[in-house]
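Please read the structure below before turning to the comments.
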Amino acid sequence: MPQISVTQGIALAVLCRLAAFLTDPCGYTAPFALGTFLAVCSQLLLVLLLCKIRLPQFLRILSGAAAVVWAGVLCLRLHRLLCVLHAPVPLVTLGLLLVTVCLMLRHPFAAAARTAAVFLMLSAAALILLPVSTVGTAEPVYLHMHGDLFGGFLCAWAISGDLFLLVPLLRRTKTPDARRILTGWSIGCGLVIPAVILLGTMQNGRLLGFGGAPFFMLLARTPLSDALRTDGFWLLLAVSLTALSAAALVQNAFIEMRDRE
Amino acid sequence: MVSGDLNITLNAISAQTGNPADLVTLRLTVCGISCALLTCEGMVSAAQTAEQILEPLRQITGSFSGGTALIRHIRQNVPFACDIQEASRLSDVIRLLFSGFAILAVDGAGQVLCFGIQGYAVRGISEPSGELNIYGAKEGFTEPVRTNISLIRRRMRSPLMRFEMHRAGTVSQTELCICWLDDRIPPDLLDEIRRKLDSLPLETVLSSGYVRPFLEQSDTALVHSIGTTERPDVFCAKILEGRVGILIDGTPFALVIPQLFCETFQTLDDYNYPPAYATLLRWLKYAAALISLLLPGAYLAVALHHPELLNETLLRLLTDSEQQGAFSIAAEMLGILFMYETVREAGLRLPKAVGGAVSLIGGLLIGDAAVQSGLVSTPVLTVTALSVTAGFIIPAHHPALTVLRPAFVLIAAVAGIPGIALLLMLLISHICGLEVMGYPSAAPVSPLIPAHLREIFGRIGFTRLSQGNFRVSEVRRKPEQEG
């Protein structure tokens, strides 16, 4: 049964959520961010519960199947995002995405885990640069806008397919490491993503009206994007993370179904 | 086995070797006993044969009961300056004979004496052609493995330095020398290498490229997880980090196991420059690798599919120049890449005098004539030139870059930036999945080893470098879990 390090575990779980977040048409308001935070808190409780109890075999198989389905959903969400962003030939890209995922499935699970660690570093660096680039244009007044707390809560649950990856990972990881992975995942999903939503809220209130992923609109309006816009990088990241998450979800599902307790 | 009868022994050797043209047999008598000195022409030094074997034999006096007694006397009482071995198996005798030993067969003895007086013509030690350094030593490995061992020994006088000879190639019987430092080598790594070398399914080993695929995890990988070097100083530095080196007779390229991906961006000169400058150079190499790999594809993706990513000035510049081109940008880009590779390959394979002319004509043709005729637009040419020039900074990745560059161009033409992202993802996953004998190539980035990340982001000073000497065993994948 392949085991991975704490960093790699955190990376896999957080990036799977980030992939879903980047392709999600969620709203950007302070209540929405709070709703997201509360959803992650409730998910944390669920994960703790699922790690404590012994799951019957059919539930584990069901969880594996759900992970594969979520991988497919992620691919379709990316396709939708590409359509909204008027990316070239989204259907061809979807086909290439599936080919990439299939090729990545030929690599060992450790390869996906290591790749995730590399992308976690890249994403972290990019997310650090994000607030720096928005310093001059952020308007805290937008934080007082009305928003849908419950909508944020539901939205965070709707993109929580990473739990199908996280729970099996934690169940086969030694306790101290599992605790660290869970802490890292909680910080990544419960604090960083709501913080990005808050940043987006302060950045531009008009994001609410955007039909696609507001994250890209947020980036398009930052000062750094004047000369050569940064959307390209984030689009690269969204596509890469979708491929990586889909491959990791499928591989993990196969491992889970193969290695029976 | 060697027979007690000299004639039978000589006939057996003659029969087994097919009496080749370069086999020289000199019959002589020592103290009344018939002997024969067998040598391989061109493999031994004639002066040394006369000086170190024939002259001492001539001076032997006394009477001996038989060949065995004579051989015992020679071994015990006659001082020789060369390496002497006894052999009783015919296969060993033939192997030593064709390795440049002089064989003294004595009538009545069941064994022969082999004198190591190799004297074949070899290329002298010269500066490595492929790994030039400004401040490093100007000595590079040469073809004979023994010379290369001496180059290492001169730099590593520690009694812990080990050299172990192996043979590979059922026909060529090529000598391989495994080198390591005994106090820092993971024993299982050494055992694994020995096992793999001893089971090489090869008839001959003509270069390091013959051996490397059998030691690596996959022989189709784009990036090697086993390094090569022509420099004894680099080789010693790697050995000091607990790696295993393999010298192969007949090639100046030594193998180093394992090699981490990040090391391909480091050179010996980095440790001669001030840390700030070396750090800058390191980042320059990372940027060059990205430019070399992605620039043509990214240009194509932006020009064809994402012109909105450019500001007005850049867009206008691009549109103006592309309007003058005769072909599509993708066709232009692939054509220029093809032309460049053709000119490069021609310049490389042709005799030096002609090769230079080919490069010159190719440069003129691509650089000037193609643009002036309108076949190629200037931005495409500039982007390609930048990309291939940047690739020269990291010669270790030249084959991979050559393969991947057109692949990125094609996928960018089809699917734009998302296509590039997917191929890049696949490439990173491929590199992260590489490992050799349990050592992941992507370490210390992934698996993450924070203490060694500093050498990735910059070159630290020698004071700090000496405090935490890097050992390659630290990046080893643990059987159960990665660190």
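Reminder, nothing fancy here: chain letters follow the sequence lines and each chain counts from 1. Computed from a predicted structure; not experimentally measured.
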Can you tell me how far apart [atom1] ([X]) and [atom2] ([Y]) are? Round to the nearest 0.5 Å.
X         : Y         : atom1 : atom2 : value
Leu448(B) : Leu120(A) : CG    : CG    : 9.5 Å
Thr7(A)   : Ile449(B) : OG1   : CD1   : 10.5 Å
Thr93(A)  : Ile411(B) : OG1   : CD1   : 9.0 Å
His430(B) : Thr115(A) : NE2   : OG1   : 11.0 Å
Leu103(A) : Met425(B) : CG    : CE    : 12.0 Å
Leu422(B) : Leu236(A) : CG    : CG    : 9.5 Å

Next item on the list: Examine whether an atom of Leu304(B) lies under 4.5 Å from a heavy atom of chain A, and if so say whether it belongs to the side chain, the backbone or both; otherwise answer neither.
Entry: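 No part of it gets close to chain A.
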
Notebook entry, point to check: Considering only heavy atoms, which portion of Leu82(A) lies under 4.5 Å from any heavy atom of chain B: side chain, backbone, both, or neither?
Noted result: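 Looking at Leu82(A), just its side chain touches chain B.
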
Considering non-hydrogen atoms only, spot the tightest contact between [X] and [Y] and give its length.
X         : Y         : answer
Leu426(B) : Met104(A) : CD1-CG, 3.6 Å
Ala111(A) : Ser429(B) : CB-O, 3.8 Å
Cys432(B) : Arg114(A) : O-NH1, 2.7 Å
Ala113(A) : Ser446(B) : O-OG, 4.5 Å
Leu96(A)  : Ala415(B) : CD1-CB, 3.6 Å
Val89(A)  : Val414(B) : CG2-O, 3.1 Å

